[in-house]
Asker: 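Take this structure first; my questions come after.
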Amino acid sequence: MKILFSWLKEFIEISLHPEALAERLTLSGAEVTGLTQADGDWVFELEITPNRPDLLSHLGMAREIAAILGRPFRPTKTARENVSLMNQPPPSFPVVIEDTQGCARYVGIVMERVRVGESPPEMARRLIRLGVRPVNNVVDVTNLCLLELGQPLHAFDLDRLEGRSIRVRTAGAKETLVTLDGVSRALPPDTLVIADAKRPVALAGIMGGRDTEISSKTKRIFLESACFHPDRIRRTVRLTKLSSDSSYRFERGVDLQMVPMAAVRAARWIQKVAGGKIEGGLINVGEPSPVRRRIPLRPKQAQSLLGMRIYPAQQRRYLERLGCRVTGTQQGYRVEPPSWRSDLKIPEDLYEELARLWGYDRCPTSLPPVPRQEISSRWQPVEDHWPVLQTQIRRLLVAAGAQEIMTYTLLSQEGLSRCRLAPSRRIANPLSREQECLRPSLLPGALEVAARNLHRKTAAHFQFFELGHLYEREKVSGEPSALPDRALPFEKRTLSVLAAGVPLPAWGGTPKGPSILYLKGIIQFLCERLRIGLPREEILGEKEIQKNDCPCSYLLAPAVQFRLDDQLLGWTGRVDPKVLSAHEIPEEIPLIYAELNLELIIKTPAVPLKVQPLAKVAPVLRDLAILVPAEILHEAILQAIQTAGRPLLKEATLFDFYQGPQVPPGEKSLAFRLEFSAGDRTLTEEEVAAAFRKILDSLGSRFNASIR
Amino acid sequence: MEPLEIGRIEQELEKLLSDTAQALSKADQPVAVEEIRVKTLGRRGGLNQFFNLLGQGVLTAEEKGRLGQKLNAVKQKLEQAIQERQKKLDKTAGARASVSEDPTLPGILPQGGRLHPISQTILEILTIFQEIGFSVVEGFEGETEFHNFDALNIPPEHPSRTESFDTFYLAKERDAEPSRLLRSHTSPMQIRFMQGRQPPFRIVVPGRVFRPDAVDASHCFQFHQIEGLAVAPGLTFGDLKGVLTVWARGMFGSQTRLRFRPHYFPFTEPSAEVDLACIFCAGKGCRVCGQKGWLEILGCGTVHPAVFKAVGYPVGTIGFAFGMGVERIAMLKFGIEDIRLFFENDLRFLQQFP
């Protein structure tokens, strides 16, 4: 909102420089966002919070400045004029408020023999400086009154009002109105309108109708000043997407007492610039004045909550400066706010008034003490395991060499289909189709980031991870509609890991692209460090991946699925090259993806750590290299070694794997490092040899393995 | 020609040996060793002079035999010394070419990952609050109207509730489904936390929030917030100022100044907006702060009694709350000019953060 310095000074003496005044206003709650000098005057650009509609005028700002600075405030003479006009009998012009909920008060003035024309130059200049386009002298006066007093007014061409009457009512079905901007509008149900005997002539509180607007031919006018219900105006603004300076003020609430004053002020002003005669007195319908509230204020309590030593007498003076009536004693005041401060309702509202007049910056700054509290048996510390756990998970992935990413929660349906994902949940009011679906997986975001980095050639290879919430398809039956800790039972905390590309030859680097084993390793590392036990692995073949309800149909078989205690933890695999090419990622780029359900990890308790005593004798190490038929899986061989090696074999680790020209066709070579130990006793050569032989025999008989 | 004295010749040979040994010990380049070789063993070298004596017939047969033996022994010694020196030099040169002896070769970097700048900023903010007694708790992104609005004293007709303006609502799949939304701030976690717990407590709540804003350099439909809430008897507005001042100094340096301005939020009363003295111009006014000298960084206030009422706390409960935007703080702290960089995840951006 714009305010002119020169206009303020009509109400109040200000000795402060405009820049100093701007600073004071900002620190007192009316933020000055701009201050410009033009033709010897200053224009203040202010941001008024929605609770202070009383500041949306020059009068209101002047009143506020007077309170802040502790200066006398000179209201205009309109109050006196009002009385004289109120005492005269109103003209015969029926005004009926049919919708009393939507309109608390309606005041009208009838004027005759008005000469519509251009406004005097100084009026036009003022409007332009405040960003309002001058129209004609009558309309300009209503606009200036709004800027001066904060009360929206509307002038109708009385001769175009059918039946010489006004009804404030709800729009009927299928009623339309051509508003001042020339747009024909279908009126939504429940819209509050001003109507004549036949039809709506204005969208109440928002905009007048074109049929009844003031034109150069207008001779008689009907001037409206009213108070409409904020909620009703707001709803219509939202439904019609039409707003104005008037609706802006009605949505926030106007001062009921200003309604008649503004009407009289405007009528007198019109007389001055457009001549004419006021016919009879004020037409006045509705509630004459608002219900007065009394707010109890305990000065001691205000002091202690604010931490400011504002003495009771000072508190009283501050409130009186704001226009409140204060009664009672220093132990307890009763405070009656002025009609324009409908935002003051409870003692805390008054505390803010005291604090801002005293100055937030003068409030002593302190740290609160740790409160003493009884630690009963029922007492529990504030603990949320998740913030600690997620930081731990993030750090582990960083240690594993992955870069954290953060992608969008809202995606397009096309983005999901590119990953063979079906939409789970949608947004009812999306900004665009690009952000229509809640993500059912972290893959689309991760692939988009991978594609972007590959296209921009930021790196030849990378490992990403993301911790994010995803939204599964809600199960219609069986699942509760809300869990105690969350509104959406289908919102799941999830981890994704993506590794892609082949490193370029690099100094000290290992030129190898990622494989499924790389991500398996990261998942094992994570589970081991979190002490939740090693997950069980299952191979997902072509058949499983192509099933309809497969959540990872974007993977290429064989993929691996992980389970913790029979519950599905997640999966990893190479992303199908067709999915990659849908993202314009070259098919030959190896891209491995894993997704883990963190809800399961959160629920799985960490195995308590019990430190094992250290063996006093170093273990005996033996390497075992065997040739086995190619179709035998590592898992089976390892199990056989572990079983046959009991009890001396402590550890068996694969360290080499080979398949190729060096071995006979149809076979592969595996090499294991075996670790034998008997705790505190030194093993004899014979014992080790016997154990080693037993393993070999077992492998020989089970897999037809031979030593290499 | 003077009669040759075999004894003198032998002395000269000894001298040649010792001179050459000395010269070799000083030779630190293969070229220098080669020069010495030419000088001593070469065709016109020192040793050949003596060999020439053998053929000049000036010596007796006995003498010839004795000198010949001597000369061969010296020649062998010289050859050996030169060869040794050459080997030693080659060895040093070879060693210098290998990795361990050239410390100017680039270091081999370990393959470490990185946290996203938003994670880093959240952790930094939380750590400071944890040091002054705040516990970290987290909520979920999906919320009910009650938690996001009603309980926070935001009535149904409040502009931030009307769907087309400020909040994403979930499309209903069944008519009976309750109205649910993506939280537009982290404040609903205040309600969830208080519903399950009695004061006193101090919490901070990080999390992702959503608002239907068109994406541009300074807006995005998703961003992160950190909410704070302290409830205890005797808390004051000054304590709120203190907590935030301590945080700001930890975050932006010990010289940081804050400014508290009255403001309006439905869920706090009194409310304040907090400005940070511009960290780029020290409050003098620059492009970043729009010549104002101040940067708006967070909102705060004393908890509105209606909020305590909504969670069933008794009348007279006192608390304060604050909320800040993580992206905004990271942008200010690191001089980032476009919020989209956070969600683009270009490695050239991400890898600038430690």
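Computed from a prediction, not measured in an experiment: that's the story for all the values here. Chain identifiers are assigned alphabetically (A, B, ...) following the order of the sequence lines, protein sequences preceding nucleic acid strands; residue numbering begins at 1 within each chain.
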Asker: Between L235(B) and L305(A), is any pair of side-chain heavy atoms under 4.5 Å apart?
Answerer: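 Not in contact.
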Asker: Do L170(B) and L438(A) have side chains that get closer than 4.5 Å, going by heavy atoms?
Answerer: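 They are in contact (side-chain heavy atoms under 4.5 Å apart), so the answer is yes.
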Asker: If every non-hydrogen atom of P200(B) is compared with every non-hydrogen atom of P371(A), which pair is closest and at what distance?
Answerer: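 Minimum heavy-atom separation between P200(B) and P371(A): CB-CG, 3.5 Å.
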Asker: Under a 4.5 Å cutoff for heavy-atom pairs, which residue among F201(B), F221(B), F146(B) has the most contacts with chain A?
Answerer: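 Maximum pair count with chain A is reached by F221(B).
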Asker: For E47(A), is it the side chain, the backbone, both, or neither that has a heavy atom closer than 4.5 Å to a heavy atom of chain B?
Answerer: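 Answer is neither: E47(A) stays 4.5 Å or more from chain B.
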Asker: Does R259(B) offer a backbone N or O that forms a donor-acceptor pair with the side chain of D361(A) under 3.5 Å?
Answerer: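 Flag not set: sc D361(A) to bb R259(B) has no pair under 3.5 Å.
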Asker: Given heavy-atom pairs under 4.5 angstrom as the criterion, report whether the side chain, backbone, both or neither of P381(A) touches chain B.
Answerer: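 The backbone, not the side chain.
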Asker: Tell me, do R180(B) and R425(A) make a side-chain contact under 4.5 Å, heavy atoms counted?
Answerer: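 They are in side-chain contact.
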Asker: Against chain B, label S304(A) side chain, backbone, both or neither, depending on which of its atoms sit under 4.5 Å from a heavy atom there.
Answerer: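 For S304(A), backbone heavy atoms alone lie under 4.5 Å from chain B.
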Asker: Would you say the side chain of L240(B) lies within less than 4.5 Å of the side chain of P368(A), judging by non-hydrogen atoms?
Answerer: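 In short, these two side chains do not touch, never coming nearer than 4.5 Å.
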Asker: Which atoms of F210(B) are under 4.5 Å from chain A, going by heavy atoms: the side chain, the backbone, both sets, or neither?
Answerer: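 Contact with chain A: side chain only.
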Asker: Counting heavy-atom pairs under 4.5 Å with chain A, which one of T144(B), V243(B), V215(B) comes out on top?
Answerer: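 Looking at each of T144(B), V243(B), V215(B) in turn, V243(B) comes out on top.
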Asker: So what's closer than 4.5 Å to chain B heavy atoms on E353(A): side chain, backbone, both or neither?
Answerer: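 Contact with chain B is absent: no heavy atom of E353(A) under 4.5 Å.
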Asker: Do F464(A) and L347(B) come within less than 4.5 Å of each other through their side chains, counting heavy atoms only?
Answerer: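 Answer yes - side chains close enough.
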Asker: Residues two or more places apart in sequence or in another chain: which of them pass side chain to side chain contact (heavy atoms under 4.5 Å, CB included) with I339(B)?
Answerer: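 Scan of I339(B) (side chain to side chain contact (heavy atoms under 4.5 Å, CB included), adjacent residues dropped) gives C220(B), E327(B), M331(B), F342(B).
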Asker: Under a plain distance cut-off of 3.5 Å, with no hydrogens placed, do Q435(A) and Q222(B) share a side-chain donor-acceptor pair?
Answerer: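 Note: Q222(B) and Q435(A) side chains miss the donor-acceptor criterion.
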Asker: Against chain A, label R202(B) side chain, backbone, both or neither, depending on which of its atoms sit under 4.5 Å from a heavy atom there.
Answerer: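 For R202(B), the contact with chain A is made by the side chain alone.
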Asker: Could you check which of I427(A), T33(A), V370(A) has the highest count of heavy-atom pairs closer than 4.5 Å to chain B?
Answerer: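 With the most close heavy-atom pairs to chain B, the winner is I427(A).
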Asker: Tell me which of these, E344(B), M189(B), H147(B), has more heavy-atom pairs under 4.5 Å with chain A than the rest.
Answerer: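 Ranked by heavy-atom pairs under 4.5 Å with chain A, first place is E344(B).
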Asker: Could you tell me the separation between the CD atom of E491(A) and the CG atom of L182(B), rounded to the nearest 0.5 Å?
Answerer: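 Nearest 0.5 Å value for the CD-CG distance: 8.0 Å.
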Asker: For chain B, which candidate among M406(A), R426(A), R356(A) shows the most heavy-atom pairs at distances under 4.5 Å?
Answerer: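 Maximum pair count with chain B is reached by M406(A).
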Asker: Is chain B contacted by the side chain of P230(A), its backbone, both, or neither, given a heavy-atom distance below 4.5 Å?
Answerer: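 No part of it gets close to chain B.
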Asker: Could you check which of A30(A), P387(A), G468(A) has the highest count of heavy-atom pairs closer than 4.5 Å to chain B?
Answerer: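 When all of A30(A), P387(A), G468(A) are compared, P387(A) has the most.
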Asker: Let's test your reading of the structure: which of G113(B), P199(B), P117(B), A272(B) forms the most heavy-atom pairs below 4.5 Å with chain A?
Answerer: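 Top count of heavy-atom pairs under 4.5 Å with chain A: G113(B).
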Asker: Is there a side-chain contact between T409(A) and E141(B) (heavy atoms, below 4.5 Å)?
Answerer: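 In contact.
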Asker: Name the region of A232(B), side chain, backbone, both or neither, that has any atom closer than 4.5 Å to a heavy atom of chain A.
Answerer: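 Answer is side chain: those atoms of A232(B) sit under 4.5 Å from chain A.
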Asker: Which label fits Y408(A) and F343(B): parallel for a plane angle under 30°, tilted from 30 to 60°, or perpendicular past 60°?
Answerer: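 Answer is tilted, since the angle falls between 30° and 60°.
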Asker: Roughly how far apart are D384(A) CG and F193(B) CZ, rounded to 0.5 Å?
Answerer: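 That separation rounds to 9.0 Å.
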Asker: Using only heavy-atom distances, determine whether the side chains of T26(A) and R261(B) contain a donor-acceptor pair under 3.5 Å.
Answerer: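 The criterion, which ignores hydrogens and geometry beyond distance, is not satisfied for R261(B) and T26(A).
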Asker: May I have all residue pairs that pass salt bridge (Lys or Arg N to Asp or Glu O under 4.0 Å) and include part of residues 113-137 of chain B, sequence neighbours excluded?
Answerer: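 Qualifying pairs: E124(B)-K333(B).
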Asker: Got E448(A) and N345(B) here, is their nearest side-chain heavy-atom distance under 4.5 Å?
Answerer: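 E448(A) vs N345(B): side chains apart.
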Asker: Could you tell me if the ring centre of F237(B) sits under 6.0 Å from that of Y351(A)?
Answerer: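 Not close enough - the centres of the two rings lie 6.0 Å or further apart.
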Asker: With a 4.5 Å cut-off on heavy-atom pairs, point out which of D275(B), I122(B), L123(B) contacts chain A the most.
Answerer: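 Heavy-atom pair counts peak at L123(B).
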Asker: Heavy atoms only, distances under 4.5 angstrom: which of V136(B), I318(B), I203(B), L181(B) has the most pairs with chain A? Name it, please.
Answerer: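 Among V136(B), I318(B), I203(B), L181(B), the one with the most close pairs to chain A is V136(B).
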Asker: Side chain from CB out, backbone as N, CA, C, O: work out which of these in L126(B) comes under 4.5 Å of a heavy atom of chain A, or both, or neither.
Answerer: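 Contact with chain A involves no heavy atom of L126(B) at all.
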Asker: Would you say the side-chain atoms of E352(A) and Y264(B) include a donor-acceptor pair closer than 3.5 Å?
Answerer: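 Short answer, no.
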Asker: By a 4.5 Å heavy-atom criterion (distance strictly below it), what part of T391(A) contacts chain B: side chain, backbone, both, or neither?
Answerer: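 Contact with chain B is through the side chain of T391(A) alone.
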Asker: Please check: side-chain N/O of K241(B) versus main-chain N/O of C363(A), any donor-acceptor pairing under 3.5 Å?
Answerer: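 Yes, K241(B) side chain to C363(A) backbone: donor-acceptor pair under 3.5 Å.
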Asker: Measuring from R378(A):CZ to Q198(B):CD, what's the distance to the nearest 0.5 Å?
Answerer: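 R378(A) atom CZ to Q198(B) atom CD measures 9.0 Å (nearest 0.5 Å).
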Asker: Could you state the interatomic distance from CD1 (I405(A)) to OG (S119(B)), rounded to the nearest 0.5 Å?
Answerer: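 The CD1 atom of I405(A) sits 11.5 Å away from the OG atom of S119(B).
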Asker: May I ask you to name which of N453(A), L354(A), L350(A) has the most heavy-atom pairs under 4.5 Å with chain B?
Answerer: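 Option with the top pair count is N453(A).
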Asker: Quick one: closest heavy-atom pair of P270(B) and Y360(A), and the distance?
Answerer: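 Taking every non-hydrogen atom into account, CB-OH, 3.7 Å.
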Asker: Taking T365(A) as the fixed residue, which of L244(B), L258(B), T245(B) is the one that meets the side-chain contact (heavy atoms from CB on, under 4.5 Å) rule?
Answerer: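 Answer to the side-chain contact (heavy atoms from CB on, under 4.5 Å) test with T365(A) among L244(B), L258(B), T245(B): T245(B).
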Asker: Rounded to the nearest 0.5 Å, what's the gap from CD on E23(A) to NZ on K292(B)? Could you check?
Answerer: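 Taking CD in E23(A) and NZ in K292(B), the distance rounds to 12.0 Å.
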Asker: Check R456(A) with D346(B), please: is the shortest side-chain N to carboxylate O separation under 4.0 Å?
Answerer: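 A salt bridge links D346(B) with R456(A).
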Asker: Sort T302(B) into side chain, backbone, both or neither according to what part of it lies under 4.5 angstrom from a heavy atom of chain A.
Answerer: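 When you check distances to chain A, only side chain atoms of T302(B) fall under 4.5 Å.
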Asker: Name the member of H385(A), M308(A), R235(A), Q463(A) that forms the most heavy-atom pairs with chain B at distances under 4.5 Å.
Answerer: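 Of the candidates given, the most pairs with chain B belong to R235(A).
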Asker: Mind running side chain to side chain contact (heavy atoms under 4.5 Å, CB included) on V246(B) and L367(A) for me, showing each step along the way?
Answerer: CA-CA 8 Å; V246(B) 166; L367(A) 264 191; 4.0 Å; yes
Asker: Which atom pair, heavy atoms only, marks the closest approach of L410(A) to F168(B)?
Answerer: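 Shortest heavy-atom separation between L410(A) and F168(B) comes out as CD1-CE1, 3.7 Å.
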Asker: Please determine whether side chain to side chain contact (heavy atoms under 4.5 Å, CB included) holds for the pair H116(B) and R394(A), giving the CA-CA distance in whole Å, both sets of side-chain angles, and the decisive distance to 0.1 Å.
Answerer: CA-CA 10 Å; H116(B) 191 278; R394(A) 283 196 167 95; over 6 Å; no
Asker: Which heavy-atom pair separates S424(A) from E173(B) by the least distance, and what is that distance?
Answerer: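 Shortest heavy-atom contact: O-OE2, 3.4 Å.
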Asker: Closest approach of L431(A) and A214(B), non-hydrogen atoms and distance?
Answerer: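 Closest pair (atom of L431(A), atom of A214(B), distance): CD1-N, 3.6 Å.
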Asker: Using a strict 4.0 Å threshold on nitrogen-to-oxygen distance, state whether K345(A) and E269(B) make a salt bridge.
Answerer: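 Here K345(A) does not pair with E269(B) in a salt bridge, since their nearest N and O are not under 4.0 Å apart.
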Asker: Please rank Q301(A), Q403(A), R395(A), R452(A) by heavy-atom pairs under 4.5 Å with chain B and give me the top one.
Answerer: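 Highest number of heavy-atom pairs under 4.5 Å: Q403(A).
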Asker: Could you grab the distance from atom OG1 of T236(B) to atom CD of Q303(A), nearest 0.5 Å is fine?
Answerer: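 Between T236(B) OG1 and Q303(A) CD, I get 12.5 Å after rounding to 0.5 Å.
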Asker: Flag the pair V398(A) / L115(B) as yes when at least one side-chain heavy-atom distance between them is below 4.5 Å, and no otherwise.
Answerer: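 Touching, per the 4.5 Å side-chain cut-off.
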